[in-house]
Amino acid sequence: MTKSSKNLWGRFLFQGSGIVPTKRLLIIFLVLSVALITLGSLLEMDWGFLIVVNLLILFGSLLDLLYSPKKNQIHFKRTIVKELERNLSYTVDIEVENTSEHAFNFLLVDGIPQSFKSSFPIKGEIAKETAVQVRYETNASVRGNYEIEQLHCRYTSKLGLWAKQKTVSLVDSVKVIPDLTETKSYLGNAQRFLLYEGSKIRKQQRGIGEFAQIRNYGVGDDPRMINWRQTAKLQEVMTNEYEPEHGKYVTILIDCGRMMGAELKNGNRLEKVMEASLTVAAAALQKGDYVSVLAFSKEVQVFVPPAKGIAHLQTILHAIYSLEVGAAESNYAAVLTYLETMQKKRSLLLLFSDVRSFLHEESALAYLQRLRRRHMFLMIGIEDTALYNRINEEPVDVQTAMVKSIAQQQLLLKKKRKLKWEKKGLQMIEAREENLAVAAVSHYIDIMNRNLI
């Protein structure tokens, strides 16, 4: 295909600049051609005459172009959010300005990446010497940094016989970051958010730690913490509330190895782990702790040094938002060796990884036992729902019974290996994907409340 033919084909695909016939013109031309041919056959007209008539009609339709604006009389401006959260809908506004004396109808196709979901083309009309706002919704399913470079417009006069096409250079840089819905939910109402497995997570109840505030007595509060002076003054039961000491160190380890690419209901394991990691980081930073983040696969990909203050959450977010699943297995031994040199102070190590794969890494056990002397270790993984579904399946035939027994055997083997690691002081938990962030924050607060760091 030659360059000129590619350009011509691109015009029909809403690409480039040029002039293309509309469906209205093609239908009119087809109907008139059939009528003339039929009439010519009945009246035995000369074919040359019929061809001339068709050409006159074709060239006469070109007068329609005189009643549509010139390309330099139409201007566009795009307004889009610079940071989009994954799988959330956002509104994009496009301003269309017409400086000509002709009204026109238009179709717009924005040059957003293919991973962004939206419906194009967008239809609209604009009067002469006015400006209109066009709006559409989009959502992005793949994290990363993107450039939106072009906007394609096709417009016609009111007759709508020929369409002019224009490609405008509108450059916007956008970042697609992890879904922060759970993080915002925690920051908005931590106590309500942390309702997990029927038990409400509380702050310190026995006066150990720093005094936080005096509040109304609630069901389940320690009666020994009742503030009798305030109770007598206000004529209602008041209790002292304590919280753990601030300034502890929390290190979040994010596994980006091959097994983290397993697909879930909404995204893959890495997506859910990143959302949970940011929620834990927000919880720790809000309580005045130091938070560092280390992302790894075969080697270390990202390391964010420890810092405190909720502003540090943006530093973490901008460092990890573009992480991708690696093609190789994770090298736990190399990462733990690196961590041993970087994190000298006692801290809580929260490892987000695949528990099943980690249990077979015997080489990492020696490194973890050495780290355990200085740090508190907690591993959090996503529960394998497919395995539990097989276990809960009714054995209606021999094949189903065999699959069920193998699944039960796998679960027992995993529990046996998990118990072996836990006896050495390496705690491991698994949670359903929708409860991962809640479980992680709940265990973090529980460890801090018990002053284990």
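- A salt bridge is absent between Asp93 and Arg78: the closest approach of a Lys/Arg side-chain nitrogen to an acidic carboxylate oxygen does not fall below 4.0 angstrom.
- Side-chain rings of Phe120 and Tyr136 approach one another, their centers coming within less than 6.0 Å.
- At most 12 non-hydrogen atoms from other residues, nucleotides or ligands lie less than 6.0 angstrom from OH of Tyr67.
- Rounding to the nearest 0.5 Å gives a distance of 9.0 Å between CD of Glu149 and OG of Ser173.
- Between Glu101 and Lys128, none of the side-chain N atoms (NZ, or NE/NH1/NH2) sits under 4.0 Å from a carboxylate O, so this pair counts as no salt bridge.
- Formation of a donor-acceptor pair under 3.5 Å by the Asn389 side chain with backbone atoms of Thr385 is found in this model.
- Residue Lys82 places its NZ atom among more than 12 non-hydrogen atoms of other residues, nucleotides or ligands, all under 6.0 Å distant.
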Item to complete: Show the numbers, then the answer: is there a salt bridge (Lys or Arg N to Asp or Glu O under 4.0 Å) between Glu430 and Lys414?
Response: CA-CA 12 Å; Glu430 285 186 294; Lys414 185 168 74 172; 3.0 Å; yes
Discussion item. Between Glu275 and Arg86, is the salt bridge (Lys or Arg N to Asp or Glu O under 4.0 Å) condition met? List the steps.
Written reply: CA-CA 10 Å; Glu275 293 166 9; Arg86 189 181 71 90; 3.2 Å; yes
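- When every heavy atom of Pro69 is checked against every heavy atom of Tyr155, the shortest pair comes out as O-OH, 3.1 Å.
- Within the 3.5 Å criterion, the main-chain N or O of Val438 finds no donor-acceptor partner in the side chain of Asn435.
- Thr337 contributes a side-chain N or O that, together with a main-chain N or O of Ala333, makes up a donor-acceptor pair within less than 3.5 Å.
- Side chain of Arg143 to backbone of Tyr321: a donor-acceptor contact under 3.5 angstrom is found.
- The number of heavy-atom neighbours closer than 6.0 Å to CD of Glu236, taken from other residues, nucleotides and ligands shown, is above 12.
- The two atoms that bring Leu180 and Leu317 nearest to each other are CD1-CD2, 4.1 Å, heavy atoms only.
- Put simply, the side chain of Ser330 never gets that close to the backbone of Tyr332: no donor and acceptor are under 3.5 Å apart.
- Between the side chain of Thr99 and the backbone N or O of Gln73, at least one donor-acceptor pair lies under 3.5 Å.
- Residues Arg258 and Glu329 are paired through a salt bridge, judged by an N-O separation under 4.0 Å between the basic side chain and the carboxylate.
- Taking the charged nitrogens against the carboxylate oxygens, Lys272 and Glu434 have no contact shorter than 4.0 Å, which rules out a salt bridge.
- A donor-acceptor contact shorter than 3.5 Å is absent between the side chain of Asn331 and the backbone of Val335.
- Between Phe116 and Tyr146, the gap from one ring centroid to the other is short of 6.0 Å.
- Looking at residues two or more places apart in sequence or on another chain, you find no salt bridge (Lys or Arg N to Asp or Glu O under 4.0 Å) involving Glu97.
- Other residues, nucleotides and ligands contribute only 12 or fewer heavy atoms inside 6.0 Å of the CD atom of Glu299.
- The backbone N or O of Leu349 sits nowhere less than 3.5 Å from a side-chain atom of Thr251 that would complete a donor-acceptor pair.
- The two atoms that bring Gly111 and Ile148 nearest to each other are O-CG2, 3.7 Å, heavy atoms only.
- In terms of heavy-atom proximity, Val81 sits nearest to Val174 at O-CG1, 3.5 Å.
- Looking at Thr22, its side chain does come within 3.5 Å of a backbone N or O of Gly160 through a donor-acceptor pair.
- Between Glu383 and Arg356 there is no salt bridge, since none of the side-chain N atoms of the basic residue sits less than 4.0 Å from a carboxylate O of the acidic one.
- Using a 4.0 Å cut-off between charged side-chain N and carboxylate O, Asp354 and Arg269 make a salt bridge.
- In the model, Glu83 has a side-chain atom that pairs as donor or acceptor with a side-chain atom of His318 under 3.5 Å.
- Under a cut-off of 6.0 angstrom, the local environment of NZ in Lys308 is sparse, with at most 12 non-hydrogen atoms contributed by other residues, nucleotides or ligands.
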Item to complete: Test Thr156 against Trp162 for side chain to side chain contact (heavy atoms under 4.5 Å, CB included), laying out the working first.
Response: CA-CA 6 Å; Thr156 65; Trp162 289 89; over 6 Å; no
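- Other residues, nucleotides and ligands place no more than 12 heavy atoms under 6.0 Å from the CD atom of Glu125.
- Within 6.0 Å of NZ in Lys70 there are 12 or fewer heavy atoms belonging to other residues, nucleotides or ligands.
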